[in-house]
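Just so we're clear, the structure is a prediction, and the values are computed from it rather than from any experiment. Lettering of chains follows the sequences in order, A, B, ..., and the numbering in each one begins at 1.
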Protein chains: 2
Amino acid sequence: MIVSRPPRLDAHARLRALTSDITDLILDRGLLPGDAMPTEQELMAELGVGRNTLREAIKVLQALGVVEIRHGFGMFVAEENLVALSDSLTFRGQMSLRHKGHEANELVDVRQALEAGLVGTAMSAITEHHLAELEATVVDMERLAAEGHSFIDADRNFHRILFEPLNNQLLSNLLGVFWDVYRTIHQSIDAKDSTRAHLAETAHSHRELFEAVKSGDKPLASSLLACHFDGIRGQLADFNAPAG
Amino acid sequence: MIVSRPPRLDAHARLRALTSDITDLILDRGLLPGDAMPTEQELMAELGVGRNTLREAIKVLQALGVVEIRHGFGMFVAEENLVALSDSLTFRGQMSLRHKGHEANELVDVRQALEAGLVGTAMSAITEHHLAELEATVVDMERLAAEGHSFIDADRNFHRILFEPLNNQLLSNLLGVFWDVYRTIHQSIDAKDSTRAHLAETAHSHRELFEAVKSGDKPLASSLLACHFDGIRGQLADFNAPAG
DNA sequence: GAAAGTCGGACGTAGGACGTCCTATGCTGT
DNA sequence: ACAGCATAGGACGTCCTACGTCCGACTTTC
């Protein structure tokens, strides 16, 4: 099936049409994540383009998380991921930090809306197993805080486990991306929050939140989460206006 | 500034390092959206890679919405956009529709959490101007519904205007992306909701929501939004199990 | 039968050549 | 002097060839 594209398109539209042809090919053939894709040679013949053009399109799809390339072996349909969003947001966040930094605040606002808005639903579906895992991360935090160590991973795990009961891959991925982007942005400003007092405070706020979740107090959990993010916003404000 | 990369990296990591070098170059030079980037030749020399490799990296950045390429003129830092997320999610959505379609439900869940969770804050910042625009879109819907026409654009505008007062670019972009992806997915299933009765019902629910927003009743607005999305979920369920 | 070596296929990188497109410059005509 | 057009140059777009690198599978060997 040689497709013939009208040559009267600007380059951007042509590349987009090519990537679209490839994704259509995946969909039409019913390929599932993990399945092998045609080789470069086959795609060149089917799509009627040169190797460079084809490779540029494929690299785009790789960046978008659509295909996975294994050097020396072949190309495959990728598992679901939000690599594209993460890379894009990370760049935008870093860029805005060098100028104003309001985009970091936007990120926190969206996280707050998602987490505070969904924690109630998540609590309705939470299991004893999740609660045990949550408490384990809290204990980790408290121990690390007492030793004066930061606990990035434990913090992330806490929020990940909290929303796992919803069984919503998109939401989990989104929150994970936001977390990573926020951490990247945060790391590039300063680690001034690594004081032992601040660590203890953060650990304690997570302990409070855990207790609220355990007791099933949805409004309290939601408001505690909101406070948590208000605190994060405060740190950002300190960075943007350290003199004031 | 010739960077020397250790050759002991797999191809994927190498491409990633290259795109990272380019974004770092943008950040280090303080380039702003709209600013011109170095030419391919200059980047080849600075980064020490061949033209093909460089172009593949740049195409990735173009797909990620980092750079904008103007054929025959040059490359520029792109304005903020979430093209990457939109393309990625659209593909995933289409793919899941051909098999189970649960990802469309996840999309609706996230939209519901964001919109229902943030409508209260948005109402606190809403202005008379926004209210007038909102009512205009509602009137549009009612007119189009009476004529038996669908009103995709009016529907989208309503939700866009509703959250404009928050002045959160990331949120607006996310909601816009979700809307586009949902519309794409929805179009590929059927247009069975274009009956005049269903159109009138949709228009009416937007009218109710508008009245709640106008009167400042935040809990009512939030619950109306939640109901709105429950209805959408119902349509998806009908598609996935039309026999039951 | 298992381990090592070999082979072929597939992706990765480089460079050149030519086409296409856009901008800017300078010319022309009024 | 200004408007419009024609041209030249630069920059990206596409294709081709060649070679490097990596991986899996097959063959050989013990």
Checklist entry - Under 4.0 Å: is that the gap between some side-chain N or O of A/Arg70 and OP1 or OP2 of D/dG24? => result yes
Next on the checklist: With a 3.5 Å cut-off and heavy atoms only, can you find an N or O donor on one side and an acceptor on the other between the side chain of A/His71 and the base of D/dC22?
Outcome noted: no
Item to check | Distance in angstrom units between B/Leu15 CG and C/dC11 C1', rounded | outcome: 13 Å
Item to check | Atom-to-atom span, CD of A/Gln41 to P of D/dC15 - whole angstrom | outcome: 13 Å
Next on the checklist: Considering every strand and a 4.0 Å limit on heavy-atom distances, what is the contact class for A/Gly72: base, sugar-phosphate, or nothing?
Outcome noted: base
Next on the checklist: Could you tell me how far apart B/Ile69 (CD1) and D/dA11 (C1') are, to the nearest whole angstrom?
Outcome noted: 11 Å
Item to check | Side-chain donor-acceptor pair present, A/His71, B/Asp10, cut-off under 3.5 Å | outcome: no
Checklist entry - Any chance CG of A/Asn167 has more than 12 other-residue heavy atoms, nucleotides or ligands included, within less than 6.0 Å? => result no
Checklist entry - Given D/dG13, is OP1 or OP2 found less than 4.0 Å from the side-chain N or O atoms of B/Arg51? => result no
Next on the checklist: I'd like to know if B/Asp10 reaches the base of D/dC22 with its side chain, counting only an N/O donor and acceptor under 3.5 Å.
Outcome noted: no
Next on the checklist: Please determine whether a side-chain nitrogen or oxygen atom of B/Thr53 lies at a distance below 4.0 Å from atom OP1 or OP2 of C/dG12.
Outcome noted: no
Checklist entry - Nearest-Å distance, CE (B/Met75) to C1' (C/dC22)? => result 15 Å
Checklist outcome for this item: A/Phe73 CZ to C/dA10 P, in whole Å, measures 10 Å
Checklist entry - How far does CG of B/Asn168 sit from CD of A/Glu106, to the nearest 0.5 angstrom? => result 4.0 Å
Next on the checklist: Under 3.5 Å, is there a donor on one side chain and an acceptor on the other for A/Asn52 and A/Arg55?
Outcome noted: no
Next on the checklist: Distance check needed: C/dG12 P versus B/Arg16 CZ, whole Å only.
Outcome noted: 16 Å
Checklist entry - Any side-chain N or O of B/Lys59 under 4.0 Å from OP1/OP2 of D/dC12? => result no
Next on the checklist: Looking at the base of D/dG13, is there any donor atom on it, or on the side chain of A/Asn52, that sits under 3.5 Å from an acceptor on the other one?
Outcome noted: no
Checklist entry - Just how far, in rounded Å, is C1' of C/dT13 from CD1 of A/Ile58? => result 16 Å
Next on the checklist: From C-beta outward on B/Val49, which listed nucleotide comes closest to its side chain: D/dA11, C/dA14, C/dG12?
Outcome noted: C/dA14
Item to check | B/Glu164 side, atom CD; B/Ser172 side, atom OG - distance, nearest 0.5 Å | outcome: 7.0 Å
Item to check | Short side-chain N/O contact from B/Arg55 to OP1 or OP2 of D/dG13, under 4.0 Å | outcome: yes
Item to check | Nearest-Å distance for atom pair CE/P, residues A/Met44 and C/dC11 | outcome: 11 Å
